[in-house]
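Please read the structure below before turning to the comments.
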Amino acid sequence: MAGETVDSVRVRFAPSPTGYLHLGSARTALFNWLFARGQGGTYILRVDDTDDQRSTEESMRSIFGSLEWLGLTWDEGPGVGGDRGPYFQAQRLERHQECARQLLDTGKAYYCYCTREELQAKREHAVREKRPYRYDGRCRELSQDQREHFEAEGRTKTVRLLVDRAGRIVVNDLILGDVAVEADTLDDFIFMKPNFGPLYNFTSPVDDADMGITHVIRGQDHMSNTPRQILFCEALGWTPPAFAHSPMVHNLQGRKLSKRDGAVGVEDYRDMGFLPEAMVNYLARLAWSGEGEQEIFSVQELVDQFTLDRVGKSPSRFDPKKLTWLNGHYVGEKTVAQRTDGAGPFLRRAGHEIDDVPRDKLERIVDAVGDRLHTYADIVTYAGYFFTPDDAYDFDPAALKKWFKGPEALSVVTDVRQTIAAIDPFDLATIEEATREWIEHRGEKVISVLQPIRVAVTGKMVGPSLFDVLELLGKDAVLARLDRAAAELPGLTTQADGESGQS
RNA sequence: GACCCCUUCGUCUAGUCUGGCCUAGGACACCAGCCUUUCACGCUGGCGACACGGGUUCAAAUCCCGUAGGGGUCACCA
């Protein structure tokens with residue numbers, strides 16, 4: 001390529017559709033996407049579904065959905081097409097077989113008739129002798145006779161790559177630097193199954209070459225595959241792409257993130273009320289940092305600032321607390337209408353009937369909840385009681401224990417009824433004025449009056465400003481709840497006292 | 001076990017390539033105080049790290065060697 005023309009960057013994210021989009025994979029996809037966008041390159045989505053029985057349509061939809069939700073849309077791939085397809089690996093079988101035949105024809109690969117059992121036995125033997133197992137290459141130079149004999153026996157055959165065991169293979173990794181592996185630690189590995197179906201280490205370099213991939217950005221768990229893939233490029237006469245292996249994402253214990261850790265899929269976080277902006281921002285900051293001391297990044301800022309040389313080498317732990325903090329920031333940037341839309345489904349899922357609630361009432365409630373919303377799911381804690389019948393909201397035992405220790409609190413609940421009943425009009429200013437006046441007249445501390453009322457009418461000790469709560473509830477509901485509390489609390493509080501320390 | 005990678009506050013990280021500006025900076029978390037009807041927000045302050053041991057150097061978080069610890073991979077999966 002002449003002079004000033006720089007080959008444009010082409011990267012790919014190649015998930016296998018065997019589940020959901022794992023957080024680690026999402027980070028890999030994000031790094032690829034950011035790199036492509038920042039370089040004015042092309043981001044390709046390829047589905048590595050090489051006739052794996054675990055591949056399912058459902059998980060493919062789930063992964064696409066997560067990617068789209070994060071905003072990591074692809075320039076070429078399923079749904080959008082492109083001229084370097086097909087983008088489903090299973091549809092590239094003929095191409096893989098063609099390349100395999102080429103290797104066979106040029107003597108760079110050979111058929112192996114060893115059975116699985118034989119290989120297994122050798123492997124176990126090596127392990128018993130504490131030797132590293134490597135294929136002994138006994139099928140490398142079979143005579144015509146032996147071959148015919150095996151064929152006549154009806155043995156199945158796999159295809160192995162003939163590996164030159166001299167020298168070393170160096171991976172010039174854009175994140176890790178040069179990583180060298182002695183060639184004699186490798187062996188003639190199988191890349192075509194008995195049905196002449198290709199294996200991952202073969203399909204990957206073939207497809208990358210066909211799709212013109214310039215940079216392979218993937219997780220470090222692929223590091224040990226890289227030399228083998230480079231070997232294919234050499235055998236086929238191709239220039240390998242540049243590699244960049246990003247560090248793993250671990251759980252808080254420093255182990256690989258697994259299902260046992262609970263939520264490890266992108267959609268799990270969506271379902272827990274997290275925002276895609278927060279996920280992207282958080283994931284980007286795992287192993288990567290900008291040049292300044294910035295923590296909050298818009299997608300555009302990420303695109304502008306992302307470079308591979310600022311990606312670190314050591315694994316990072318996924319910390320939900322920091323994610324939550326970021327999420328709170330992004331929720332705060334939403335309008336009340338947006339927050340209402342976002343939080344609604346969580347109320348419904350918690351069993352609250354909100355379909356008959358007027359939209360503007362809903363928005364006023366969300367507005368009153370304000371920045372208490374760190375995730376949309378928090379709406380249930382802070383506002384669930386607005387959507388529960390006056391005789392059915394639950395009293396939080398901890399709240400009762402803290403604010404109904406003595407008889408004074410109960411007397412507040414009964415005494416305030418009259419004052420509240422007299423408030424007219426029942427609007428914020430009037431409610432606050434009347435209530436404060438009453439408190440002052442009583443001569444008690446504001447908090448020791450307001451909190452018992454809150455617990456009485458909401459069942460909780462946290463929530464929006466109590467005056468907002470009262471107004472939003474409406475006079476009838478407040479009175480009904482006060483009556484209910486006056487009737488039920490005496491029993492509940494003694495019960496709570498009696499049970500204290502048991503649970 | 002073999003091969004490969006990694007190692008700065010509890011966590012995410014800046015600083016390491018191009019030794020001195022680092023008595024190591026920021027953020028999350030935590031603790032305390034302020035604000036406040038609660039919670040949350042916000043503000044102020046605090047706690048808190050160069051894994052260890054040797055070198056090299058006038059000077060080392062930064063360079064070299066070793067040790068320890070952690071992780072990843074070792075399929076006819078991807």
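Quick note on labels: first sequence line is chain A, next is B, and so on, each numbered from 1. What's counted below: heavy atoms across the whole structure, side chains too, no hydrogens, waters or symmetry copies.
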Taking atom [atom1] in both [N] and [M], what distance in whole Å separates the two?
N: B:A27; M: B:C47; atom1: P; result: 15 Å
N: B:G19; M: B:G26; atom1: P; result: 25 Å
N: B:C30; M: B:G10; atom1: C1'; result: 9 Å
N: B:A32; M: B:G15; atom1: C1'; result: 30 Å
N: B:G48; M: B:A75; atom1: P; result: 48 Å
N: B:G54; M: B:A29; atom1: C1'; result: 37 Å
N: B:U7; M: B:C52; atom1: P; result: 14 Å
N: B:C65; M: B:A60; atom1: C1'; result: 15 Å

Tell me whether the side-chain N or O atoms of [X] pair up with the base of [N] as donor and acceptor below 3.5 Å, since no angle test is needed here.
X: A:R372; N: B:C41; value: no
X: A:Q220; N: B:G71; value: no
X: A:N225; N: B:A78; value: yes

Nearest whole Å is fine: how far is [N] [atom2] from [X] [atom1]?
X: A:N251; N: B:G10; atom1: CG; atom2: P; result: 18 Å
X: A:Y282; N: B:A29; atom1: OH; atom2: C1'; result: 11 Å
X: A:F189; N: B:C74; atom1: CZ; atom2: P; result: 13 Å
X: A:Y133; N: B:A2; atom1: OH; atom2: C1'; result: 14 Å
X: A:M248; N: B:C5; atom1: CE; atom2: P; result: 16 Å
X: A:N327; N: B:A27; atom1: CG; atom2: C1'; result: 17 Å
X: A:M461; N: B:A40; atom1: CE; atom2: P; result: 11 Å
X: A:I296; N: B:C12; atom1: CD1; atom2: P; result: 18 Å

[X], nearest nucleotide to its side chain (from [options]):
X: A:P194; options: B:A78, B:C76, B:U11; answer: B:C76
X: A:K313; options: B:C6, B:C4, B:A14; answer: B:C6
X: A:S289; options: B:C12, B:A14, B:U38; answer: B:A14

Between A:R160 and A:D187, does at least one N-O distance fall below 4.0 Å, as a salt bridge requires?
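Between A:D187 and A:R160 there is no salt bridge, as every charged N stays at least 4.0 Å from the carboxylate O atoms.
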
Is the terminal nitrogen or CZ of [X] (NZ for Lys, CZ for Arg) located under 6.0 angstrom from the six-membered ring centre of [Y] and within 45° of that ring's axis?
X: A:R147; Y: A:Y113; answer: no
X: A:R27; Y: A:F31; answer: yes
X: A:R46; Y: A:Y87; answer: no

Is any side-chain N or O of A:K130 closer than 4.0 Å to OP1 or OP2 of B:G1?
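It does not, given that no N or O in the side chain of A:K130 lies less than 4.0 Å from OP1 or OP2 of B:G1.
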
For A:R131, what residues pass the side-chain hydrogen bond (donor to acceptor under 3.5 Å, both in side chains) criterion, not counting sequence neighbours?
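A:E129.
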
With sequence neighbours excluded, tell me which residues meet side-chain hydrogen bond (donor to acceptor under 3.5 Å, both in side chains) with A:E293.
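side-chain hydrogen bond (donor to acceptor under 3.5 Å, both in side chains) list for A:E293, sorted by chain: empty.
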
Could you go over nucleotides 67-70 of chain B and give all protein N or O partners under 3.5 Å, atom names and distances?
none

Kindly state whether the pair A:H222 / B:A78 counts as stacked, where counting means centroids closer than 5.5 Å and planes tilted less than 30° apart.
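Yes.
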
Report the C-alpha separation of A:F297 and A:W288 in whole Å, then their side-chain angles, then the decisive distance to 0.1 Å, and conclude whether the side-chain contact (heavy atoms from CB on, under 4.5 Å) test is met.
CA-CA 12 Å; A:F297 292 88; A:W288 177 85; 3.9 Å; yes

